[in-house]
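Proteins come first, then strands; the chains are lettered A, B, ... in the order of their sequence lines, and each starts at number 1.
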Amino acid sequence: MDLSYVLTLLVFFPVLGMVVLAFIPNTQEKTIKLVGFLATLPTLLLSLAVYFHYLAGKSLEDFSVMKHWIQFGGFGEMDKNFFAVHYELGLDGFSMIMVLLTSIIATLAAVASIHIKKEWKGYFMLFLLLEVGMLGVFAAENLILFFIFFEITLIPMFFLIGKWGYFEKERAAYSFLIYNGLGSAVLLIVIMVLFARTGTSNIDVLAQIVNNPDQQMMAPISDTMKFGLLFALLVAFGVKLPIFPLHTWMLRVHVQAPPSIVMLHSGILLKIGAFGLIRFGMGIFPEQFKTLGLLLAILGVINLLYGAFLAFVQKDFKMVLAYSSISHMGIVLIGLGAMNEAGIQGAIFQVVSHGLISALLFFLVSVFYERTDTTLLENLGGIAKGMPIAAGFLLAGAMASLGLPGMSGFVSEFMAFLGLFEEMPWVAAVGAIGIIMTAVYLLRAVLGITFGKSHREFTGITDLRKVEWVPVITLMALIVLIGVYPSVLSEPLKTTLDAIMLGLGG
Amino acid sequence: MENAWIIPLFPLLSFLFLLLFGKRFKESSAYVGMLLTFASLVYSLLVLFERFSSPTYKQEGVWLTIGDVQLTAGFEVNQLNALMLVIVSLVSFLVHTYSKGYMHGEERFPVFYAYLGLFTFAMLGLVLSPNLLQTYFFWELVGVGSFLLIGFYFYKDEAKAAAKKAFIMTRIGDVGLLIGMILLFWQVGSFEYDAIFAAVAAGEVAQGMITLTAILIFIGAVGKSGQFPLHTWLPDAMEGPTPVSALIHAATMVAAGVYLVAALFPLFTASDVALTTIAVIGAITAIFAASIGLVQTDIKRVLAYSTVSQLGYMMLALGSAGYVAGVFHLMTHAFFKALLFLAAGSVIHAVHTQNIEEMGGLWKKLRVTGPLFLIGTLAISGVPLFSGFFSKDEILIAAWEGGHPILFLLAVIAAFFTAFYMFRLFFMVFTGKSRSEMKNVHESPSLMTLPMIVLAVLAVVSGYVNTPWFGTFLGDWLVEGNEALGHGHVEGPAWIMIVATVVSLAGIYLSWLIYGKKSLSRNWLGAQTLYKVLYNKYYIDEFYSMTIVKVTKGFSHFLRYIDTYLVEGIVLGVTAFVQTLGRLGAKLQTGQVQTYSAVAFIGLAILMVIFALTGGYL
């Protein structure tokens, strides 16, 4: 059976939703919201199908697709693949997980978009375009295609923040664009150098020939150059992750963008940084990457502690969560810095786990903001009285975030630290302070919102509505599933990890 | 025993069921919880009896694969686990029953029972764990159960603060445990208790590493068991409903630290430094908490400090290589302390205050609670023939034989203090004049008194499973087949038992003189400063908030300045740079073709020079 059309369909289905939306009058709020939500479903179903196809023991290569696209120069006569850019999509265990995560969170974010107040049509069209970009990033098999999808995510994101955000939305949008624009400029340089030197942009092929000097290449790449390229990648994806001190733009996005968009931003877009570092940094330059272990681990500990201490003194709950994201991305770096199986597996787990947890927390932010019109901690308190269920889920989300066993956060944090303690016990021991601080700042914020004296004006508020149950239950179920039965993630990741470890020579 | 894994699942079911459907059942939720914990209790008893006649049973499966390493999960029934299963499920069932009366009329009644279920599940899971990772897993979950129940009255600011404090203080300890366990893993290559003991016994782990990991793991126990200096959360945890204090903060969870040390005993005995650390911390905690208990006026806080002190006792026993003594006292303490808390709850239920200064003369009004409280008091004071007497005697013998005369002395003084403050409590609450404002004092319903009666019986008889007079069944059984745990019973000098008796009776007598007969003035020592220091718990909370809390806050604010000014400043710099670049670029667009081609030519020339110099190889 030929399944090569599946990925194209999966990635581009939201475009069909955009077309349908284009024909609906702007005033039909309900229809637009429904169509917007429905347009995310086929992608979700297809990615679930891909996952079950994999679970059934079949190969993910069934889904690979390659079509000749652009040819540069006259090299085509020598070798069809030389200086050619193909349209090629494919999946391995890691990218399959990311595609699945993206489609789940996109659907749930579409549900969360019921709280959007204006110009639904434009919102959902941009939303769907954003989803196409994110899916493409993970499914792209070559760097140029990756870059195109990467850029596709920037533009809708810019408008979504700038138009549907809060008070300082324009500033946040520009800040987002400048930073990510600079990041992608650096990324483009890396891609172009690699393409010019090797004549290919296919990720797997690059991983092979960059590390084997005997392989055919237009021009050899010196080790110094490799270091330079890797460093450029670190900057490009470091902006996205974000690595301290490149983080300030994402604080504004977290606070100013509408929560449904932050679900995607914090849940998926930040993860492209980690994905890129693992896929390209580790994949293409393993020799050089190995030497960065200590640097990454230290950067990770800085991220972890810096984010945690700052989250402790924030006044706005959204800022707490923003710094918490910085802190939690530190764990990704810690895991990568360990350079062993436990660490890298922990890093990937953290990517998925934090995606789910931050999506849950930001969904709850939108739920609370709907009813109280504030996210300032001093204006909140005692919410558990009026909304016990939402407050309970908020507390559970915080517990997941601070790494309570039985939830996904624990598995990733545990593995990352397990890995780092083998290689650099002292760095890890300093990082362990972060485990305490995470509990400190999360409890301060979450108990500040839910516990204590109830504010008078919150007495008449309603608890979760039916439609709001869907994202909350889905995300919580996934968080607990990974926490209790981590093999759902570790099994698909096995081949990817083996390949990475082989490259690292371990 | 093959099906022992089902024991924790009953309360888990109770938790999930009540969370989902509790609202519909209202106060009948209690029956769901009681029924399911009763099932756990029956099953635990069956497992215990089966364990008497058959060997340790263990079963595991793969939980997570990391490269070549397989992390497992499963369950194990050895002597210690089987005993703990019964203690936990019994106390939990009794507390479930008692709460039906105590929590009557509470709006969030089903939620309370759901949380009780969650806690019981985690605690039972903890005692069945065959490896450190799984222990840690449930270790954290019992912490959450405790956190939720301390913060049960979430709208009270004190409850909120106490819940937060409990979680954070224990988490500090937990990080120690986590680090210790990971370091040990990289030495041994496994989290399995068996593998760890085998590696330690075979000398595969360096001595320094054993000491380090053992002490780190002990830090986890310090946090959970409220040992000095991480004890401050436990007295504050009394903000939770009283049945919770009985279950979690007296009988089960706080004993988890002691259980952990006992479960890892062969690791600790491999390092003298680690053992001494445990003994010293235990002795300090025992005397220190007992001295605070002398002057507190809140009935629950006196009991809380007494718990801290008694846990210190158990640690002292384990640190003096008295495995049996520690575990024995863990068991008897679970019974008499749970009894005392439930009886205290019954008193509070009747008089609606926790301040013992406002109580008095309740003996005649609470005809059931009074005698039961007295039994508990006699047991904890170490009066002969009650359970506490036998277990405390074992501990004193262990401390003496362990070769630490100073620690032994501290333990004796702590025993004197214990007898004194417990009877101070008893006399102030039950004897003397009754207050006029307390007219409508009723005895609690039988739903509350029955569990207390069961515990009172156990507080009397549970000591007889291990006595120097009638045989040391418990001790012999506990160490059976495991050399590393030491001897079942250590023969000690007979005078120790006499000293213990005299000391405890002296404490009671002094207490009677002051609070019963009132022939001695209450400040007969005239030490007002000392009283103030003790009443303010040695100002430890104040010390922490002046130092650690302040430093953390200060550092965070410092970082905030860095973030707002330095990092943001760099950002503004970058923005300005980009803008300038843009403006310069705009200026270049002059529209003059000559300039364009000149720039292009110069650029090409530079590139060619570079190319020529490097030979195309960069």
Under a 4.5 Å cut-off applied to non-hydrogen side-chain atoms, are [X] and [Y] in contact?
X      : Y      : result
B:K164 : A:V440 : no
B:D563 : A:L251 : yes
A:K453 : B:K156 : no
B:V567 : A:H247 : yes
B:L71  : A:F414 : yes

Which bit of [X] comes within less than 4.5 Å of chain B, counting heavy atoms only: side chain, backbone, both or neither?
X      : result
A:Q345 : side chain
A:Y174 : neither
A:S175 : neither
A:L418 : both
A:F410 : side chain
A:F312 : side chain

Tell me, side chain or backbone of [X] under 4.5 Å from chain A's heavy atoms, or both, or neither?
X      : answer
B:L178 : side chain
B:D174 : neither
B:L183 : side chain
B:L19  : neither
B:W63  : both

Proximity of residues 486-496 of chain A to chain B, residues having a non-hydrogen atom under 4.5 angstrom: A:P486, A:S487, A:S490
Nearest 0.5 Å please: distance from the CD1 atom of A:I436 over to the CZ atom of B:R171. 8.5 Å
To the nearest 0.5 Å, how far apart are CG in B:D157 and CG in A:L447? 11.0 Å
Please indicate whether B:W5 has more than 12 foreign heavy atoms, meaning atoms of other residues, nucleotides or ligands, lying under 6.0 Å from its CH2. no
Among B:F147, B:Y153, B:W139, B:F558, which has the most heavy-atom pairs under 4.5 Å with chain A? B:F147
Can B:E568 and A:R252 be counted as an ion pair, charged N to O under 4.0 angstrom? yes
What's the shortest heavy-atom distance between B:F167 and A:A439, and which atoms? CE2-CB, 4.0 Å
Within 45° cone and under 6.0 Å: A:K385 NZ/CZ vs B:Y155 ring: yes
